[in-house]
Structure formats: structure tokens, C-alpha cells
Peer 1: 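This is the structure I have questions about; it appears just below.
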Amino acid sequence: MAEHTTTLQPAAAAVVPPAEDRDWVVIFSGTPWAYGAHRQHALARELTVDHQVLFVDPAGHLPRWRVQIRQVADGLWQCAGPALLPFGRHLPPVNRVNRWLAARVLRRWFRRQAASVRLLWLDEDLAAPVASRLDASAVVYDATDLDWTLTRPWNRRHLRRALRSAVGAADLVLASSTALPDRMPASDPAPVVLANGCDPDRFSPDGPVAPWLLGLRRPLIGYSGAVDTRAFDADLVAAVARAHPEWTFVLIGPSTRGGRAPLAGLSNVQLVDAVGFADVPGILRACDVTIIPYRVGGLADYVHPQKCYEYLALGKPVVATPLPALRALADTIALATDPPSFGAALADALDRAGAPDESARRREVATRNSWSARGAQLRSLLVGLPR
């Protein structure tokens with residue numbers, strides 16, 4: 001793949017892609033391309049069906065004096081953009097300076113390609129200042145999360161202001177969850193729900209199983225994702241684990257001290273921190289039931305966990321807390337709130353875990369909610385935007 005690294009001054013000399021008829025989409029994302037297992041990356045790939053896409057990584061906390069643009073797939077380019085000053089996430093004037101610089105560098109780059117930006121895509125609130133600087137024909141804001149809930153209280157005002165700016169700049173506002181629009185600033189037009197999805201091929205039931213799991217006592221209850229205090233309900237899991245010492249809980253993903261604390265001393269809870277996304281299906285295939293034990297009623301219960309569809313793609317039974325976005329799946333997954341009901345739902349799921357007809361039905365639901373299905377929905381929404 002082509003790659004070019006340059007200092008800020010000659011950034012316009014970055015590598016030129018081959019001439020194509022596809023219009024350009026520039027995505028300013030809050031998640032780096034290197035983390036390539038998220039909604040932003042899946043939708044970027046879907047956009048390449050009829051666009052060329054430049055995916056711009058977030059600025060980060062420290063200055064970055066080099067601009068790197070490289071091709072990562074057919075029609076897809078990744079940019080490690082510049083940041084002149086540190087701590088833009090916390091200081092509004094610094095964020096404006098860094099975004100001004102990023103827009104200036106990219107305008108120069110597109111002039112050298114004799115190309116223009118048809119669509120500017122924002123999924124990071126703090127990127128809102130570039131909306132008026134890239135001369136895009138249309139702006140899409142994709143609400144994948146509420147960024148202000150991810151920061152400390154003293155920084156929330158800054159990020160909530162950025163959210164209002166991003167929504168106000170957009171010709172189309174998307175939301176990853178049915179619970180998000182009510183928590184967002186009012187917009188005209190109103191947000192359109194484009195739910196999260198999955199890759200059913202990656203999460204196929206047919207594939208290798210992580211060999212280290214073969215030594216664990218069954219049944220295995222699997223979870224993939226962060227073990228933290230923001231969304232993960234460790235108290236719920238701990239209570240169920242204590243009530244059912246015969247079950248083994250395998251929790252895959254990064255954990256915080258606060259998230260781990262309620263689970264301390266539980267021999268039937270296995271925390272597995274360092275796992276690449278490619279290894280997750282092999283671990284979950286070995287599990288008998290999968291769980292989504294998220295807090296309901298907190299700052300983050302608006303989420304629509306894509307892990308739910310990944311679990312279903314594997315054909316696994318799913319037991320979850322009743323997040324608003326998951327209630328529509330109540331005929332496919334089990335929803336339970338407190339430790340007794342969650343434990344009972346797990347016991348029932350374990351009794352029926354091997355039923356082939358139910359596994360096939362779960363796979364069918366996952367296929368209907370694949371990223372390719374979301375891509376088709378997205379392309380139909382973009383048809384009506386200015387060109």
C-alpha cells in the first residue's frame with residue numbers, strides 16, 4: 001500500500017491516489033484506524049462501495065508534527081493528521097487551532113489531487129470546527145456515543161458544546177441506538193437511527209477454538225468488552241458468580257481497577273485482558289452462553305452493543321440487562337435486571353444452549369443486522385444529500 005510521511009510545511013506533497021470517478025468522503029473519527037473493529041471502521045469500508053474515503057485519526061493529547069497519509073484498502077486511505085498544540089480535548093482554543101491546521105493541510109492535499117470533498121463525516125464531536133473549513137457538499141454527524149459521558153465532570157461542558165456544534169453543522173444526523181436521539185440536542189432534520197451491526201463471517205460458529213479454554217470448568221459464560229464502572233455492572237456479575245460457583249465466567253477485554261474490584265477473590269471469574277479482536281471469536285466459540293451485563297439507568301445505557309449481534313452470529317444464547325436499544329430483540333435474547341433473574345435466565349439459556357434450530361435463528365438475526373445491511377441502508381440515506 002502507498003504511504004507517505006511528511007512534516008507540516010510540505011504536507012501537500014503527500015502521495016496522490018490513482019484518478020477515480022468516485023467522490024471523496026473525509027471521516028474525522030474519534031477512534032484511530034488502528035483500532036479497526038468498531039462501527040467507524042465498518043462504515044468506512046461500506047462507504048468505499050461508491051466513494052473514496054479518507055479516514056482521519058483523532059488528534060490525541062500530544063502534538064503531532066508529521067502528517068502521514070497511506071492507503072489501507074481499495075478506495076480507503078488513512079490519515080494521521082497534525083496537532084500543533086497539546087490537550088485539545090480539554091482546551092477549546094487549542095482544539096480550534098488544531099482543527100484549523102488539519103483542515104488547512106487537507107485542503108492543500110485535495111487541491112493537489114484536483115479533487116473536492118463531497119461528504120464530510122464526523123463521529124467525533126470535537127471535529128466540528130472543520131465543518132466550515134473543508135468546503136464539503138454535505139456534512140454527516142454520526143452519533144456513536146455521547147463523548148461528554150467519557151470524560152471527567154470538569155470537562156463535560158466543553159464536550160457538550162462540541163456536540164451541539166457537530167449536530168448543528170450536519171445535513172444528516174445518524175444515531176447508533178434508538179435511545180440516543182432523546183439524549184442529543186434537537187436537530188433539523190431529526191436523527192435517523194442507523195444501528196450497530198456485525199460481521200457474520202468473522203463471527204462464524206465454524207472456526208478454531210482457543211485451546212487454553214479447554215482446561216476451564218464448564219459451563220462457560222462469555223463476555224467481550226470493557227470491564228469498567230461506566231457501563232459494565234461488575235456487582236451484578238459478582239453476585240451471580242457467587243450464587244453459581246459451578247459456572248465459569250470468562251470476561252475478555254481491558255479492565256479498570258474499579259471494574260475489577262467487585263470480582264476480586266472469585267475463583268470462577270477469569271479476566272482476560274490482552275486479546276486482539278481477531279482472537280475474540282475463537283474464545284467466544286468455546287462459551288456456552290454469552291452476556292451483556294450493562295448498567296441500566298446510568299450515563300451509558302443509551303448504547304447499542306454490537307457485541308450482541310456478534311454473539312448471535314456465533315449462534316450463542318445471549319442474556320443481557322434491558323438496555324433500551326436491546327428491548328426490540330426480546331424475542332431473541334433474554335433480558336434480566338437483578339442477580340436472581342439474571343441467574344435464572346442464564347440457567348434457562350444453558351438448558352437450551354445446544355438446540356440447533358435456535359442457533360440457526362440467532363444466525364439469521366445477525367445476518368439481517370450485518371454491516372453490509374447497514375451499508376445498504378446508509379447508501380440510501382446519502383442519496384438525498386447535496387452533491
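Because only heavy atoms are used, hydrogens play no part in the values below, and waters and symmetry mates are left out as well, while side chains stay in.
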Peer 1: For residues V193 and V167: do they belong to one hydrophobic cluster (side chain heavy atoms under 4.5 Å, members Ile, Leu, Val, Met, Phe, Trp, Tyr)?
Peer 2: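 As far as the 4.5 Å side-chain criterion goes, V167 and V193 are not connected within one cluster.
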Peer 1: Tell me, with the steps shown, if Q40 and T31 meet side chain to side chain donor-acceptor pair (under 3.5 Å).
Peer 2: CA-CA 7 Å; Q40 297 92 329; T31 305; 3.1 Å; yes
Peer 1: Return yes if some donor-acceptor pair links the side-chain N/O of R285 with the main-chain N/O of P208 below 3.5 Å, else return no.
Peer 2: yes
Peer 1: Aromatic rings W33 and F55: how do their planes relate, parallel, tilted or perpendicular, breaks at 30° and 60°?
Peer 2: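 Ring orientation of W33 relative to F55: perpendicular.
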Peer 1: With the threshold set at 4.0 Å, does a side-chain nitrogen-carboxylate oxygen contact exist between D142 and R39?
Peer 2: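 R39 and D142: salt-bridged.
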Peer 1: One pair to check against side-chain contact (heavy atoms from CB on, under 4.5 Å): I221 and H244. What are the steps and the verdict?
Peer 2: CA-CA 11 Å; I221 314 298; H244 295 275; over 6 Å; no
Peer 1: Is there a donor-acceptor pair under 3.5 Å between the side chain of T290 and the backbone N or O of P317?
Peer 2: yes
Peer 1: Does S29 form a side chain to side chain donor-acceptor pair (under 3.5 Å) with D123? I'd like the steps, not just the answer.
Peer 2: CA-CA 5 Å; S29 181; D123 70 52; 3.2 Å; yes
Peer 1: For R217 and W247, indicate whether the former's side chain and the latter's backbone hold a donor-acceptor pair under 3.5 Å.
Peer 2: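 No; judged by distance alone, with no hydrogens or angles, the pair does not exist.
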Peer 1: Out of E364, Q306, R374, which one pairs with N369 under the side chain to side chain donor-acceptor pair (under 3.5 Å) rule?
Peer 2: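 Only match with N369 under side chain to side chain donor-acceptor pair (under 3.5 Å): R374.
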Peer 1: Is the distance between the ring centroids of Y309 and F203 under 6.0 Å?
Peer 2: no
Peer 1: Pairs in or reaching into residues 174-185: which pass side chain to side chain donor-acceptor pair (under 3.5 Å), with residues at least two apart or in two chains?
Peer 2: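 Output for this query lists R183-D301.
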Peer 1: Under 4.0 Å between a Lys/Arg side-chain N and an Asp/Glu carboxylate O for R352 and D348?
Peer 2: yes
Peer 1: Are any side-chain N or O atoms of R22 and backbone N or O atoms of V49, one a donor and one an acceptor, separated by less than 3.5 Å?
Peer 2: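 No, because the side chain of R22 does not come within donor-acceptor range (under 3.5 Å) of the backbone of V49.
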Peer 1: Applying ring pair (Phe, Tyr, Trp, His ring centres under 6.0 Å) to W24 and F110, what does each step give before you reach the verdict?
Peer 2: CA-CA 10 Å; W24 278 94; F110 277 106; 5.3 Å; yes
Peer 1: Mark yes when over 12 heavy atoms from residues, nucleotides or ligands other than Y35 sit less than 6.0 Å from its OH; otherwise mark no.
Peer 2: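 It does not: Y35 OH has 12 such atoms or fewer within range.
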Peer 1: Answer yes if the ring centres of W154 and H90 are under 6.0 angstrom apart, and no otherwise.
Peer 2: yes
Peer 1: Any donor-acceptor pair under 3.5 Å linking the side chain of Q52 with the backbone of T48?
Peer 2: no
